[in-house]
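Worksheet: one structure, shown below.
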Amino acid sequence: MRVLLVSTPVGPLGSGLGGGVELTLTNIAKALVLRGHAVGIIAPKGSQFPINNGIEVDGALQITAQVQGRGAPITLPANSVLENMWTCTRDLQQNFDVIINFAYDWLPFYLTPWFHRPIAHLVSMGSLTDAMDEIIGKTVQNFPGTVGVHSLAQAATFEFGDRCRCLSNGLDLSGYTFQPQADRALAWVGRIAPEKGIEDAIAAAAQTQISLRIFGIQPDLAYWQRVCQQYPQAPIDYRGFLPTHQLQQELGQCAALVMTPRWVEAFGNVAMEALACGVPVVAYRRGGPAEIVQDGVTGWLVEPDSVAGLVAAIARLDELDRHTCRQQAEASYSLEAMGGRVEQWLKDILTNREAGMEAISKPDS
Ligand code: UDP
């Protein structure tokens, strides 16, 4: 297949602004190339492309969907990079068999009927606004099988969740080194934004007095400063936003990854990355992480929003085996495993489309 990947408009690939979508797109590109498919990528200007065939598109970045309320209208800035990327997609579509949309944005869903090529939409977050639910729902209705999600918990946030294709996720295991030994330190990894609830991990660090190494961009500096002021005694160590090869090296040295999302995390790439390094995951029993972590085997699942629960779980890290963590990543989240799931999804979309076209051309048969 010839597959065109269209990235998120909230930031260039490699910037961190796009959150987990950046890594997901990178890994899907690699996985499809590995399986012999021809892949192109369209992404905002300044992107670091994982393969040669990348096209950079200029324009104003989109505001992230997490920070808006349920009733938020659909907005586009002037000279929108989202608009410009989809103009580029329209112009290039005849060179591809299928397009994958990675943007959690209204426009690509709305444009779907006007494209000659089928569009597969990989939805990266749970339900956030009524306007997005409406357009994704229409796409599910009119183009069955084309909407993919990462976890059942994410799907369940949508009314039409049972008609979404669950693809889980995957990564390039060769880029993650298993580390059998850990320092006496915990890790927290992700965008430092309110929906990620870092304050609970910091509160747990303050109580246990185990150092918390923090990795990620700070899109909301005021929020970060508030949290730091709240816990002046917490042993925290902010290490910045690191590229994957450095992140996995540092993450691998930690005794556990702590995940404290307030929202239904669609998947939680960082959980899969930690396991790949042999690092167990302590996470709230909510959203994607609750489907990734094997409670008592590759981590501990904790009552949501309970700092006491985090502290109790951190005290029981010795019971978990780091080899088993790596084995889970190898069994479930390899590039090969994910590539197989994505390839089958795209093949099904193409087969359904051909069947639909045949039915239209032979209406009475
Ligand atoms: N990340 C990174 N460097 C860092 C911290 C985070 O590359 O220093 C990446 C991490 O690899 C992951 C993403 O940021 O892919 C966070 O994705 P996740 O799915 O956990 O959450 P999201 O941001 O999509 O809500």
Side-chain angles (χ1 to χ4, degrees), residues 7-30 47-48 50 64-67 102-105 122-128 149-151 153-154 157 167-173 175-176 186-198 201 212-220 223-224 236-254 257-277 279 281-284 286-293 299 329 333 335 338:
S7 190
T8 169
V10 305
L13 288 172
S15 69
L17 292 167
V21 176
E22 296 178 26
L23 186 72
T24 302
L25 184 147
T26 296
N27 288 332
I28 287 182
K30 286 184 188 173
S47 285
Q48 293 157 21
T64 54
Q66 303 95 309
V67 294
F102 288 81
Y104 192 102
D105 286 280
L122 185 47
V123 177
S124 58
M125 291 184 277
S127 169
L128 286 179
V149 293
H150 293 293
S151 68
Q154 178 199 2
T157 66
L167 296 157
S168 185
N169 220 335
L171 43 66
D172 183 355
L173 280 156
Y176 294 80
L186 302 165
W188 190 95
V189 186
R191 290 174 297 107
I192 303 174
E195 68 273 12
K196 297 287 193 173
I198 193 172
L212 181 69
R213 298 177 185 165
I214 297 170
F215 308 91
I217 53 159
Q218 300 178 340
D220 184 345
Y223 163 69
W224 167 246
I236 57 174
D237 180 2
Y238 177 62
R239 305 231 166 159
F241 175 80
L242 304 182
T244 301
H245 67 278
Q246 270 175 334
L247 175 67
Q248 64 84 27
Q249 175 64 31
E250 301 234 1
L251 175 57
Q253 290 164 10
C254 296
L257 172 73
V258 183
M259 292 185 77
T260 46
R262 295 248 177 270
W263 68 347
V264 175
E265 187 84 54
F267 187 73
N269 279 350
V270 297
M272 165 179 84
E273 295 182 88
L275 295 177
C277 301
V279 176
V281 181
V282 171
Y284 287 152
R286 171 189 276 154
E291 290 172 34
I292 299 170
V293 175
Y333 306 120
L335 224 45
M338 181 188 55

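We count ligands from 1, going down the list as the structure has it; atoms in each ligand are counted the same way.
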Ligand 1 N/O within reach of N269 N/O, cut-off under 3.5 Å: yes
For F215, atoms of ligand 1 separated by under 4.0 Å from a heavy atom: 5 (C), 8 (O)
Derivation of the side-chain contact (heavy atoms from CB on, under 4.5 Å) call for S124 and T24: CA-CA 9 Å; S124 58; T24 302; over 6 Å; no
Heavy atom of G240, distance to ligand 1 below 4.0 Å: yes
Sub-4.0 Å heavy-atom contact, G16 with ligand 1: no
For R191, atoms of ligand 1 separated by under 4.0 Å from a heavy atom: 22 (P), 23 (O), 25 (O)
Any Y104 side-chain heavy atom under 4.5 Å of V10 side chain: no
Reported CD-to-CZ distance for the pair Q246 and F215, which is rounded to 0.5 angstrom: 10.0 Å
Steps toward salt bridge (charged side-chain N to carboxylate O under 4.0 Å, His left out) verdict (E250, R213): CA-CA 9 Å; E250 301 234 1; R213 298 177 185 165; 5.8 Å; no
Under-4.0 Å heavy-atom contact with ligand 1, by part of E265 that carries it: side chain
Numbered atoms and elements of ligand 1 in range of V189, under 4.0 angstrom, heavy atoms: 5 (C), 6 (C)
Ligand 1 N/O within reach of G20 N/O, cut-off under 3.5 Å: yes
Close approach of W263 to ligand 1, heavy atoms, under 4.0 angstrom: yes
Best match, V270, L242, I214: closest heavy atom to atom 3 (N) of ligand 1: L242
Min N/O separation E273 to ligand 1 under 3.5 Å: yes
Heavy-atom closest contact (G170 atom, M338 atom, distance): N-SD, 3.3 Å
Spacing of OG1 belonging to T26 relative to CD1 belonging to I28, to within rounding of 0.5 Å: 10.0 Å
Interatomic spacing from CD in E265 to NE2 in H150 - rounded to 0.5 Å: 10.5 Å
Any F267 heavy atom less than 4.0 Å to ligand 1: no
Evaluation steps, side-chain contact (heavy atoms from CB on, under 4.5 Å), between I214 and I198: CA-CA 9 Å; I214 297 170; I198 193 172; 3.7 Å; yes
Y333 and F267 aromatic ring geometry - parallel, tilted or perpendicular at 30°/60° bounds: perpendicular
Whether K196 lies under 4.0 Å from ligand 1, heavy atom: yes
